[in-house]
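Only heavy atoms go into these numbers, but all of them, side chains included; no hydrogens, no water, no symmetry mates. All of these numbers come straight from a predicted model, not from anything done at the bench.
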Amino acid sequence: MKKLISILLLCVATMTQAYADDMSARAAAVMKVMPRPDLQLMSVPSADGFIANKMMLASLRAGTDSNAVNDIVALLQGAAPASLAVTGKNDSITLATLDRVFDKLKGKTVAPQELAYVGHDAADAALIAKAAEVGVKLVVVAYP
(Lines give C-alpha, C1' and ligand atoms only; values in the text may rest on other atoms or scores of the structure.)
Protein backbone atom coordinates (compact mmCIF):
# COMPACT_ATOMS: atom_id res chain seq x y z
CA MET A 1 0.00 0.00 0.00
CA LYS A 2 2.83 2.40 0.87
CA LYS A 3 4.44 1.63 -2.47
CA LEU A 4 1.23 2.48 -4.33
CA ILE A 5 0.88 5.78 -2.48
CA SER A 6 4.51 6.61 -3.24
CA ILE A 7 3.97 5.89 -6.93
CA LEU A 8 0.83 8.05 -7.03
CA LEU A 9 2.60 10.94 -5.30
CA LEU A 10 5.48 10.67 -7.75
CA CYS A 11 3.03 10.77 -10.68
CA VAL A 12 1.29 13.86 -9.31
CA ALA A 13 4.62 15.60 -8.69
CA THR A 14 5.79 14.78 -12.22
CA MET A 15 2.56 16.07 -13.78
CA THR A 16 2.71 19.25 -11.70
CA GLN A 17 6.31 19.86 -12.72
CA ALA A 18 5.48 19.25 -16.39
CA TYR A 19 2.65 21.80 -16.21
CA ALA A 20 4.94 24.35 -14.51
CA ASP A 21 7.61 23.78 -17.17
CA ASP A 22 5.01 24.25 -19.92
CA MET A 23 3.80 27.53 -18.38
CA SER A 24 7.42 28.73 -18.10
CA ALA A 25 7.98 27.97 -21.77
CA ARG A 26 4.79 29.81 -22.70
CA ALA A 27 5.87 32.81 -20.62
CA ALA A 28 9.24 32.82 -22.38
CA ALA A 29 7.51 32.71 -25.78
CA VAL A 30 5.29 35.69 -24.99
CA MET A 31 8.16 37.70 -23.47
CA LYS A 32 9.92 37.53 -26.85
CA VAL A 33 6.94 39.25 -28.47
CA MET A 34 5.80 41.49 -25.58
CA PRO A 35 8.87 42.18 -23.41
CA ARG A 36 7.20 43.94 -20.50
CA PRO A 37 8.28 43.68 -16.87
CA ASP A 38 4.67 43.87 -15.65
CA LEU A 39 3.32 41.16 -17.96
CA GLN A 40 0.75 38.90 -16.31
CA LEU A 41 0.30 35.37 -17.64
CA MET A 42 -3.18 34.01 -17.05
CA SER A 43 -3.94 30.33 -17.49
CA VAL A 44 -7.53 29.53 -18.50
CA PRO A 45 -8.54 26.33 -16.71
CA SER A 46 -9.91 23.34 -18.54
CA ALA A 47 -11.06 19.89 -17.57
CA ASP A 48 -9.03 16.74 -18.00
CA GLY A 49 -11.81 14.91 -19.84
CA PHE A 50 -12.94 15.24 -23.45
CA ILE A 51 -16.66 15.38 -22.64
CA ALA A 52 -16.20 17.91 -19.84
CA ASN A 53 -14.19 20.17 -22.16
CA LYS A 54 -16.88 19.92 -24.84
CA MET A 55 -19.47 20.92 -22.23
CA MET A 56 -17.34 23.91 -21.20
CA LEU A 57 -17.04 24.95 -24.86
CA ALA A 58 -20.79 24.69 -25.39
CA SER A 59 -21.42 26.71 -22.25
CA LEU A 60 -19.04 29.51 -23.28
CA ARG A 61 -20.43 29.61 -26.81
CA ALA A 62 -23.96 29.83 -25.39
CA GLY A 63 -22.99 33.01 -23.55
CA THR A 64 -22.26 31.74 -20.06
CA ASP A 65 -19.50 33.56 -18.23
CA SER A 66 -16.72 31.78 -16.39
CA ASN A 67 -14.41 33.05 -13.68
CA ALA A 68 -11.70 33.40 -16.33
CA VAL A 69 -14.00 35.55 -18.51
CA ASN A 70 -14.89 37.81 -15.60
CA ASP A 71 -11.25 38.14 -14.49
CA ILE A 72 -10.03 39.08 -17.97
CA VAL A 73 -12.86 41.59 -18.42
CA ALA A 74 -12.02 43.19 -15.06
CA LEU A 75 -8.35 43.49 -15.99
CA LEU A 76 -9.13 44.99 -19.40
CA GLN A 77 -11.55 47.52 -17.90
CA GLY A 78 -9.07 48.64 -15.25
CA ALA A 79 -7.93 52.24 -15.03
CA ALA A 80 -4.50 51.43 -16.45
CA PRO A 81 -4.00 49.23 -19.50
CA ALA A 82 -3.28 45.66 -18.48
CA SER A 83 -0.21 43.87 -19.72
CA LEU A 84 -1.82 40.47 -20.11
CA ALA A 85 -1.13 37.18 -21.87
CA VAL A 86 -3.74 34.43 -21.86
CA THR A 87 -3.02 30.75 -22.34
CA GLY A 88 -4.33 27.39 -21.22
CA LYS A 89 -3.96 23.64 -21.57
CA ASN A 90 -6.87 23.50 -24.02
CA ASP A 91 -6.60 26.06 -26.82
CA SER A 92 -10.24 25.66 -27.88
CA ILE A 93 -11.43 26.66 -24.41
CA THR A 94 -8.92 29.52 -24.23
CA LEU A 95 -10.07 30.89 -27.59
CA ALA A 96 -13.75 30.49 -26.65
CA THR A 97 -13.03 32.32 -23.40
CA LEU A 98 -11.47 35.22 -25.31
CA ASP A 99 -14.42 35.26 -27.71
CA ARG A 100 -16.78 35.54 -24.74
CA VAL A 101 -14.60 38.31 -23.22
CA PHE A 102 -14.86 40.39 -26.40
CA ASP A 103 -18.63 39.82 -26.57
CA LYS A 104 -18.95 41.01 -22.99
CA LEU A 105 -16.84 44.13 -23.64
CA LYS A 106 -18.95 45.35 -26.58
CA GLY A 107 -20.17 48.86 -25.89
CA LYS A 108 -18.00 49.25 -22.79
CA THR A 109 -15.04 51.53 -22.27
CA VAL A 110 -11.68 49.84 -22.60
CA ALA A 111 -8.34 51.63 -22.73
CA PRO A 112 -6.55 50.75 -25.99
CA GLN A 113 -4.18 47.91 -25.22
CA GLU A 114 -2.60 44.68 -26.35
CA LEU A 115 -3.61 41.24 -25.17
CA ALA A 116 -1.51 38.23 -26.07
CA TYR A 117 -2.91 34.79 -26.76
CA VAL A 118 -0.35 32.00 -26.40
CA GLY A 119 -1.25 28.64 -27.87
CA HIS A 120 -0.94 25.96 -30.52
CA ASP A 121 -4.11 26.90 -32.39
CA ALA A 122 -4.14 30.20 -34.22
CA ALA A 123 -6.83 32.76 -33.47
CA ASP A 124 -8.94 33.33 -36.56
CA ALA A 125 -9.40 36.67 -38.28
CA ALA A 126 -12.93 37.04 -36.88
CA LEU A 127 -11.67 36.87 -33.29
CA ILE A 128 -8.88 39.36 -34.03
CA ALA A 129 -11.45 41.72 -35.60
CA LYS A 130 -13.80 41.29 -32.63
CA ALA A 131 -10.96 42.26 -30.30
CA ALA A 132 -10.18 45.35 -32.39
CA GLU A 133 -13.85 46.43 -32.20
CA VAL A 134 -13.55 46.79 -28.40
CA GLY A 135 -10.14 48.52 -28.52
CA VAL A 136 -7.91 45.51 -27.88
CA LYS A 137 -5.10 44.46 -30.21
CA LEU A 138 -4.97 40.67 -30.03
CA VAL A 139 -1.38 39.49 -30.43
CA VAL A 140 -1.11 35.83 -31.35
CA VAL A 141 1.98 34.07 -30.02
CA ALA A 142 2.49 30.67 -31.61
CA TYR A 143 3.57 28.08 -29.11
CA PRO A 144 4.76 24.72 -30.41
Side-chain angles (χ1 to χ4, degrees), residues 5-144:
I5 292 172
S6 297
I7 291 171
L8 288 174
L9 288 175
L10 181 62
C11 289
V12 169
T14 302
M15 289 172 41
T16 303
Q17 184 60 45
Y19 181 71
D21 290 345
D22 184 54
M23 284 297 121
S24 295
R26 289 173 188 251
V30 77
M31 287 302 282
K32 290 178 184 174
V33 178
M34 294 175 66
R36 298 188 177 142
D38 61 340
L39 183 69
Q40 299 175 51
L41 181 65
M42 178 182 214
S43 178
V44 174
S46 61
D48 290 329
F50 175 79
I51 294 173
N53 280 330
K54 290 297 181 184
M55 291 173 64
M56 288 175 69
L57 273 174
S59 177
L60 286 165
R61 290 178 179 154
T64 303
D65 292 342
S66 66
N67 289 340
V69 169
N70 293 331
D71 290 346
I72 296 168
V73 166
L75 285 170
L76 293 176
Q77 285 189 302
S83 186
L84 181 63
V86 179
T87 190
K89 280 193 209 177
N90 187 306
D91 289 339
S92 297
I93 291 176
T94 303
L95 290 168
T97 298
L98 289 176
D99 189 52
R100 181 70 194 119
V101 164
F102 301 138
D103 282 342
K104 195 168 178 178
L105 287 173
K106 272 190 182 165
K108 297 185 178 173
T109 305
V110 176
Q113 55 196 297
E114 289 183 336
L115 170 79
Y117 156 71
V118 187
H120 304 289
D121 296 346
D124 62 5
L127 185 63
I128 294 169
K130 192 181 273 192
E133 288 174 12
V134 297
V136 175
K137 179 182 178 191
L138 184 62
V139 177
V140 179
V141 180
Y143 176 76

Trainee: Atom NZ in Lys89, atom CZ in Arg26: separation rounded to 0.5 Å?
Mentor: 10.5 Å
Trainee: Between the main-chain N or O of Val118 and the side-chain N or O of Thr87, is there a donor-acceptor pair closer than 3.5 Å?
Mentor: yes
Trainee: Identify every side-chain donor-acceptor pair in residues 67-77 under 3.5 Å, counting partners at least two apart or on other chains, and give the distances.
Mentor:
from	atom 1	to	atom 2	distance (Å)
Asn70	OD1	Lys104	NZ	2.5
Asn70	ND2	Ser66	O	3.4

Trainee: If only atom types and distance count, is the side chain of Asp91 paired as donor or acceptor with the main-chain N or O of Gly119 below 3.5 Å?
Mentor: no
Trainee: From Asp38 CG over to Leu84 CG, what is the distance, rounded to the nearest 0.5 angstrom?
Mentor: 10.5 Å
Trainee: Quickly, which of Leu60, Ile93, Leu95 forms a side-chain contact (heavy atoms from CB on, under 4.5 Å) with Val44? Name it, please.
Mentor: Ile93
Trainee: Name each donor-acceptor pair under 3.5 Å that joins a side chain in residues 123-141 to protein atoms two or more places apart or in another chain, with its distance.
Mentor:
from	atom 1	to	atom 2	distance (Å)
Asp124	OD1	Leu127	N	3.0
Lys130	NZ	Asp99	OD1	2.7
Lys130	NZ	Asp103	OD1	2.9

Trainee: Would you say Thr94's side chain and Asn90's backbone share a donor-acceptor pair under 3.5 angstrom?
Mentor: yes
Trainee: On a heavy-atom basis, which atom in Ser46 and which in Met56 lie closest, and how many Å separate them?
Mentor: CA-CE, 4.0 Å
Trainee: Between Leu98 and Val86, is any pair of side-chain heavy atoms under 4.5 Å apart?
Mentor: yes
Trainee: Rounded to the nearest 0.5 Å, how far apart are CZ of Arg36 and CE of Met31?
Mentor: 9.5 Å
Trainee: What's the shortest heavy-atom distance between Leu57 and Ser92, and which atoms?
Mentor: CD2-O, 3.4 Å
Trainee: Test your reading of the model: is there a side-chain donor-acceptor pair from Ser59 to the backbone of Met55, 3.5 Å cut-off?
Mentor: no
